[in-house]
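Down below is the structure, laid out as structure tokens.
So you know, we letter chains A, B, ... as the sequences are listed, proteins then strands, and number each from 1.
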2 protein chains.
Amino acid sequence: MTARPANAHQARLLRLLRDGGPNSRARLGDEVDLSRSKLAVEVDRLLETGLVVADGLAASRGGRRSHNIRLAPGLRFLGIDIGATSVDVAVTNAELEILGHLTQPMDVREGPVAVFEEVLTMVGKLRDSGLAEGFDGAGIGVPGPVRFPEGVPVAPPIMPGWDGFPVREALSQELGCPVRVDNDVNLMAMGEQQAGVARSVQDFFCVKIGTGIGCGIVVGGEVHRGTTGSAGDIGHIQVDPEGRRCACGNRGCLEATFSGAALARDAESAARDGRSPELSSRLERAGRLTAADVAGAAAAGDATSLDLIREGGARTGQVIAGLVSFFNPGLVVISGGVTGLGHTLLASIRTQVYRRSLPLATGNLPIVLGELGQAAGVTGATRLISDHLFSPA
Amino acid sequence: MTARPANAHQARLLRLLRDGGPNSRARLGDEVDLSRSKLAVEVDRLLETGLVVADGLAASRGGRRSHNIRLAPGLRFLGIDIGATSVDVAVTNAELEILGHLTQPMDVREGPVAVFEEVLTMVGKLRDSGLAEGFDGAGIGVPGPVRFPEGVPVAPPIMPGWDGFPVREALSQELGCPVRVDNDVNLMAMGEQQAGVARSVQDFFCVKIGTGIGCGIVVGGEVHRGTTGSAGDIGHIQVDPEGRRCACGNRGCLEATFSGAALARDAESAARDGRSPELSSRLERAGRLTAADVAGAAAAGDATSLDLIREGGARTGQVIAGLVSFFNPGLVVISGGVTGLGHTLLASIRTQVYRRSLPLATGNLPIVLGELGQAAGVTGATRLISDHLFSPA
DNA sequence: CGTCTTTGTCCTGGCGCTGGAGAAAGTCTG
DNA sequence: CAGACTTTCTCCAGCGCCAGGACAAAGACG
């Protein structure tokens, strides 16, 4: 079992070293407001536990050079991101820098046993490639609501068979290290907060448009999970009373109108109706269409594809506008599999939000694409577990 | 200047005495996890400052009777709630029990100077009636966004002339005590949390349907104000793309479709068109109609009024359903001037929310009317200032 | 009236922290 | 290159805080 900090001071120091990299005692002292002696004592204790190690001399600040310290270079965290149609696994060091990353297409509906098997194979590969001998902690995201304290999915609509499956317990057994489980969108938000566009933003949300649509909410720097762990589930907000029937039983849900799945469906239908030669030819080649095809067609100037994206962006923007009025965030991040749709989508969303929300709320509100892409989820997962391990036992 | 607690322990004790009433050292010791000696020291210091006083002997718990202590009985907090069309002022003791309460119709658009004059007159009346000699703190709510740290309204749509007016500074000067300013809806939420239906709920929101529509958001027991102080501004979420034009410039805003003002407007129009004899006769008697008339007519069985309420409730429920999906609260409180519409409105809102949001979010979600009515705002205001004063200096 | 329980006070020993003194290690200037 | 200045780091004395035991006070109970 890896050591844990014994008090809040040590936890604070560990997080500073995680987020700011190796540093000297003197500089750490500038940030934590402890007396030199106290700081020295706590650092010495951390050195004893092995969580941090000496790391040579720092550059001089005009006097005696100080001894750097850093988080133990051998620490390894595992980030696992189970999406609807793929699995990502990554290894990071204690500074949450990704050392190795694997992606594998996989349908989450195959159930927890099959998915776990795949995940463990991928973990094995990463281990065999020499990146890690063992793991000090793992974070895992699943595409559905999670009862966070227990680390168990609850009533997940798109992942039958996972309801109540003891993800945390099982994974902890297999890996022999502490594990935390969260919703994949929450982790994506944490990833952008840790290493992406949302650094230093206290209140924001992160809209993930992938197979479905979800939203990670950060309030005061902390993820808001809601009473039953289903906060951020915006895919079934109604955008059109006359809209399509959704799998959830209602009409005109955002997710039924625009999402990776809905976009592919609409593109295929446009291709069949002959409304877009570009899409038709792509359909003929591949046998089916995906959001990526629409992105490609749009990039090639296909008007129908551009319209689909604009229309979807407008619907999404309509929902986001409402949430912005309600929540008044300092930033909105758009991310997920549809990043290929990029700036066309973004422009369309922005138009709606800036038009519909009040000036006070939008006046200084950046709406941006996430900058981590595939890495957001796994980065957030390692952030989740490291936050846990770098807190007093 | 009233004394302030010197540390977090004292602050904790003061809040326990505020929320739990007079208590003995022994019982307090059961709750705060301090050694007897430490507790005795802190209590003695509080006694020295005069914030708490001895209050006789408690009942025996099977041994020596203990000496009760309570918050100083002479402490007085002032709660001021400035609504769009009325002003409420109340005096409470340190336990936030209302000792005196005045209401006065007043249009906030008359501007800060006129409103302040009125408020000070009301305060004078309360003082003269012997309820208080001076005030130890005051909380004030205004119907618009507030830059909370400075206590200044920002860009308030319905209160021209208030933008940038230094409410906190000015009131503090006049009253000679510390003052905190917040949005009126946030205070209403805090009121229900302090003394109403939301006691012990950590995550909820409180929808106020009055002249306009707003929403107080509580996350983890704390009010969420948003980046620019405009969080909860849900009146301008679009509910109908083809709907009425709203004062904000958009179409189909919730507030344009249903609110105290919209309801009165629709009722008058129904009365003129002869769709409702009941409303017509009320219009004839009074010259104009208000939400209260609609409530009265509905109580008398008027079908048109009932339809108006049902339709409005459905629109409101539609918006709340979306917010419930997003936020996953543990409770939704409906309050404000329309409480007269009561259970018809509530039923209509519930129907929408339970139908539209996912079962996981609504499974155990009470949607209830606020139980404090007029007192919610002023209670929240005194809670605001007492939270401030009962925190370490 | 004696015993038991609860409450409140006093006191001692221990722990942890602050901040000064001073040594160690470097930079910089003439 | 020597000496002065700066920064870093260690050591230590002294102070303050606090836990927890001993004991006294007050009352319940039989």
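In this structure, the CG atom of A:N7 is 14 Å from the C1' atom of C:dC15, given to the nearest Å. In this structure, A:L34 atom CG and C:dC17 atom P are separated by 8 Å, rounded to whole Å. Atom-to-atom, CG of B:D44 to C1' of C:dC10 comes out at 12 Å; the value is rounded to the nearest Å. The distance from atom CG of B:L57 to atom C1' of C:dT7 is 11 Å, rounded to the nearest whole Å. Nucleotide C:dT9 holds its P atom 15 Å from the CD atom of B:E42, rounded to whole Å. Between B:N68 atom CG and C:dT7 atom C1' the separation is 12 Å, expressed in whole Å. The nearest whole Å value for the distance from the CG atom in B:D30 to the P atom in C:dG8 is 11 Å. Between B:R36 atom CZ and D:dC17 atom C1' there is a gap of 17 Å when expressed in whole angstrom units.
Listed pair A:S66 / D:dT8 fails the phosphate criterion, with no side-chain N or O lying under 4.0 Å from OP1 or OP2. Between B:K38 and the phosphate of D:dA19, there is no side-chain N or O to OP1/OP2 separation shorter than 4.0 Å. Contact between the side-chain N/O atoms of B:R61 and the OP1/OP2 oxygens of C:dT7 is found at a separation under 4.0 Å.
Comment: A:E95 engages A:R70 in a salt bridge, judged by a side-chain N to carboxylate O separation of less than 4.0 angstrom.
No hydrogens or angles considered: nothing links the side chains of B:N364 and A:T228 as a donor-acceptor pair under 3.5 Å. Looking at B:R18 and B:S386, their side chains do bring a donor and an acceptor atom within 3.5 Å of each other.
Checked by distance alone, A:R65 brings no side-chain donor or acceptor within 3.5 Å of a matching partner on the base of C:dA25. If you check distances only, the side chain of B:R64 does reach the base of C:dT7 with a donor-acceptor pair under 3.5 Å.
When distances run from any side-chain atom of A:R25 to the nucleotides D:dT10, D:dA19, C:dT9, the shortest one goes to D:dT10. In the set D:dA19, D:dC9, C:dG20, the nucleotide with an atom closest to the side chain of A:A26 is D:dC9. Taking every side-chain heavy atom of A:S37 into account, D:dC12 is the closest of C:dC11, D:dC12, D:dC9.
Nearer the 5' end of DNA chain D, as judged by each residue's closest nucleotide, is the contact made by A:H67, out of A:H67 and B:H9.
Relative to the ring axis of A:F390, A:R15 does not place its NZ or CZ within 45° and under 6.0 Å from the centre.
In this structure, OG1 on A:T92 lies 8.5 Å from CG on A:L78, to the nearest 0.5 angstrom.
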